[in-house]
Amino acid sequence: MNFKKLSFLFFVCAFFTLSSSTAQDKELYRELYNSYENFKEKSIEKRRFTQTKIRPLIDNFNQKENFKVTKVGESIEGRPLQLISVGEGDVDIFLWSQMHGDESTATMAIFDILNFLDSEAFLEEKEEMLKNVKLHFLPMLNPDGAARFQRRNLLGVDINRDALRLQSPESKALKNVRDSLDADFGFNLHDQSTYYNAERTPKPATISYLAPAYNYEKSINEVRGAAMQVIVQMNNILQEYAPGQVGRYNDDFEPRAFGDNIQKWGTSTILIESGGYPNDPEKQEIRKLNFVSILAAIFSIADEDYKNAEISKYEEIPNNDRKLFDLKLTGLTYELLGEDYILDLGINQYEVQNEDLDYFYNSSISDQGDLSTYYGYEEFNASGYKFEQGKIYPETFENLERFQQENISEILKEGYSYVVLKELPEDDFTKLPINLVTEDFEIPDILQPNFFLKKDGNLEYAVINGFFIDLSEEKFDVENALILD
């Protein structure tokens with residue numbers, strides 16, 4: 001047999017071996033995705049939670065034979081920072097979450113992953129993986145920020161911009177853990193705005209990845225290249241479950257940022273940003289995608305399968321863009337000073353948090369005009385419809401209890417978006433599909449997300465506090481309206 005035939009046969013065998021391995025891996029990840037509920041940490045199902053919620057979970061893992069919990073520092077307010085380690089391999093993988101206190105999706109996913117590692121499922125696959133890697137989880141790096149569900153720590157410092165000065169104890173702990181492990185791979189786990197989309201598409205950037213640059217030239221060395229290859233593998237998996245909903249975060253070098261510096265210090269660093277997903281305000285579906293994709297990355301690192309990925313595929317992931325609204329109306333006729341104009345409206349529903357870490361929505365019109373290059377989680381073609389300003393109902397009611405005796409849906413269908421109460425509830429919002437106001441309330445001059453869509457003289461749709469309502473329906477699905485004094 002000549003050399004060319006031998007080379008060809010070697011290539012064919014290698015190709016089919018690689019294809020078979022890839023197929024097996026995908027089947028494993030599919031099984032993980034389908035069995036996720038078996039591992040989900042059921043005690044956490046809301047984004048807003050404090051360290052008191054996860055401390056018992058960490059203490060529980062401290063009692064388990066194969067897990068080790070190490071205190072690696074304290075927050076400014078004295079909350080412990082704890083590292084959970086498992087595995088015996090030579091490759092160290094360090095994962096940290098919630099360095100921004102209001103970015104909790106990956107913290108939830110970390111405990112799902114820990115439950116998976118502690119379960120009786122997939123024993124053979126886990127045993128093989130943990131022979132090759134050692135995993136280190138530092139969940140909730142910023143517990144003081146999490147206690148207030150705010151981005152920055154108690155000092156007001158963005159921990160992700162404190163890699164050089166190390167002004168905060170949380171920053172020092174992160175640096176010390178990275179250095180003591182001399183970690184081979186690092187996963188920097190964040191949340192991003194739900195208004196990011198995959199560039200030039202209407203699809204949200206549900207998960208965005210970045211292999212951070214380590215210099216202004218955005219050079220690609222072996223360390224950064226390995227991070228890119230892992231991201232390619234993760235993207236391949238996610239395309240099965242969130243097709244077209246993966247973005248690539250901007251890679252401009254930020255010399256103060258931890259991700260950029262950890263890459264520079266020799267740890268292949270993967271940034272994961274959890275964005276938006278339709279009808280998933282608590283990010284539970286995105287949490288599941290984190291679970292699957294992070295485990296896929298760990299398995300890929302353990303068997304070195306990531307080395308087969310082409311770095312060029314990393315550049316093919318669409319850039320993040322920020323062109324999503326919660327609600328987009330197109331082609332609405334708007335009358336101003338006796339003239340008709342055509343407007344697109346982009347409306348966003350912003351969360352307003354209270355002292356109990358609960359929240360309600362206060363919406364606003366974020367943009368208006370030609371929004372043809374923008375998209376919406378919910379879209380409506382308003383061509384042929386006229387804008388009708390919501391009115392104040394002429395009758396004043398004593399209190400909420402008295403008003404609730406009325407046919408509220410009929411009041412709404414008559415074009416009233418505000419109702420006057422002599423005695424307003426103490427809350428800032430109401431679950432009713434209509435705004436509650438004081439006797440001296442006046443509708444603001446600027447355009448508000450409280451109006452109606454009129455066609456052929458009939459009101460057919462309403463927008464109340466940014467939520468779109470079909471007036472022909474019996475029940476109106478509005479998260480909340482506002483109480484305005």
Side-chain angles (χ1 to χ4, degrees), residues 278-279 281 325-336 340-352 360-369 371 374 376-397 400 403-421 424-425 427-438 441-484:
N279 303 312
F325 299 109
D326 287 308
L327 172 63
K328 179 189 171 188
L329 303 180
T330 305
L332 181 63
T333 300
Y334 180 76
E335 182 182 339
L336 180 65
D340 283 345
Y341 299 88
I342 301 299
L343 284 181
D344 300 339
L345 298 180
I347 298 171
N348 285 337
Q349 300 151 359
Y350 297 109
E351 295 178 1
V352 179
F360 64 93
Y361 292 101
N362 187 350
S363 301
S364 68
I365 296 175
S366 298
D367 204 353
Q368 61 198 70
L371 302 181
Y374 285 74
Y377 281 97
E378 185 177 8
E379 296 187 354
F380 181 77
N381 183 355
S383 300
Y385 288 88
K386 296 196 72 171
F387 175 95
E388 181 91 357
Q389 175 64 59
K391 301 175 294 185
I392 302 175
Y393 192 65
E395 182 180 349
T396 298
F397 298 92
L400 180 60
F403 171 58
Q404 287 179 305
Q405 298 172 17
E406 300 293 313
N407 189 329
I408 298 173
S409 64
E410 286 303 315
I411 291 174
L412 195 62
K413 289 175 181 178
E414 292 173 10
Y416 298 105
S417 54
Y418 305 93
V419 169
V420 177
L421 302 185
L424 284 178
D427 293 329
D428 295 313
F429 68 95
T430 173
K431 290 295 184 179
L432 299 176
I434 197 163
N435 299 298
L436 307 178
V437 299
T438 59
F441 174 80
E442 295 183 0
I443 298 173
D445 292 333
I446 61 173
L447 208 55
Q448 298 289 310
N450 295 287
F451 57 87
F452 295 82
L453 277 63
K454 192 174 192 178
K455 192 172 189 179
D456 299 328
N458 299 314
L459 299 180
E460 295 188 9
Y461 299 94
V463 174
I464 300 296
N465 190 31
F467 293 94
F468 191 68
I469 296 172
D470 183 344
L471 294 174
S472 68
E473 296 180 353
E474 293 185 7
K475 187 176 181 181
F476 303 139
D477 186 18
V478 172
E479 287 291 332
N480 68 266
L482 299 177
I483 298 176
L484 304 167

- [ ] Might you confirm whether atom CD of Q405 has over 12 heavy atoms from other residues, nucleotides or ligands at distances under 6.0 Å?
- [x] yes
Task: Enclosure of D456 CG (heavy-atom neighbours >12, cutoff 6.0 Å) - done: no
Side-chain contact, heavy-atom cut-off 4.5 Å: [X] with [Y]?
X	Y	value
F380	L345	no
F429	N362	no
V419	N435	no

Judged by atom type as modelled, is there a donor-acceptor pair below 3.5 Å linking the side chain of [X] to the main-chain atoms of [Y]?
X	Y	value
K328	Y374	yes
D344	G331	yes
K431	E479	yes

Name all residues meeting the side-chain contact (heavy atoms from CB on, under 4.5 Å) criterion together with [X]; count only those two or more places apart in sequence or in a different chain, and write none if there are none.
X	result
T430	L432, L436, A481, I483
Y350	Y195, N348, S364, S366
P444	F441, I446, Q448
D367	F325, L371

TODO: Look up atom CG in L332 and atom NZ in K454, then write down how far apart they are to the nearest 0.5 Å.
DONE: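 The CG atom of L332 sits 13.0 Å away from the NZ atom of K454.
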- [ ] Would you give the length of the straight line joining atom CG of L329 to atom CG of L343, rounded to the nearest 0.5 angstrom?
- [x]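 Spacing of CG (L329) from CG (L343) equals 10.5 Å.
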TODO: List in chain and number order the residues that pass ring-ring contact (aromatic ring centres under 6.0 Å, His included) with F387, two or more places apart in sequence or in another chain; answer none if no residue qualifies.
DONE: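 So F387 forms a ring-ring contact (aromatic ring centres under 6.0 Å, His included) with Y334, F451.
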Using atom types as modelled, flag every donor-acceptor pair under 3.5 Å from a side chain in residues 461-472 to any protein atom, sequence neighbours excluded.
residue	atom	partner	partner atom	Å
N465	OD1	S363	N	3.0
N465	ND2	Y361	O	2.9
N465	ND2	N480	O	2.9
D470	OD1	S472	N	3.0
D470	OD1	S472	OG	2.7
D470	OD2	S472	OG	3.3

Open item on the list: Going by salt bridge (charged side-chain N to carboxylate O under 4.0 Å, His left out), name the residues that satisfy it together with E395, two or more places apart in sequence or in a different chain.
Closed with: none
TODO: Just grab all the side chain to side chain donor-acceptor pair (under 3.5 Å) pairs involving residues 379-391, residues at least two apart or on different chains.
DONE: N381-S383, Y385-E460
Task: Residues forming a side-chain hydrogen bond (donor to acceptor under 3.5 Å, both in side chains) with N279, sequence neighbours excluded - done: none
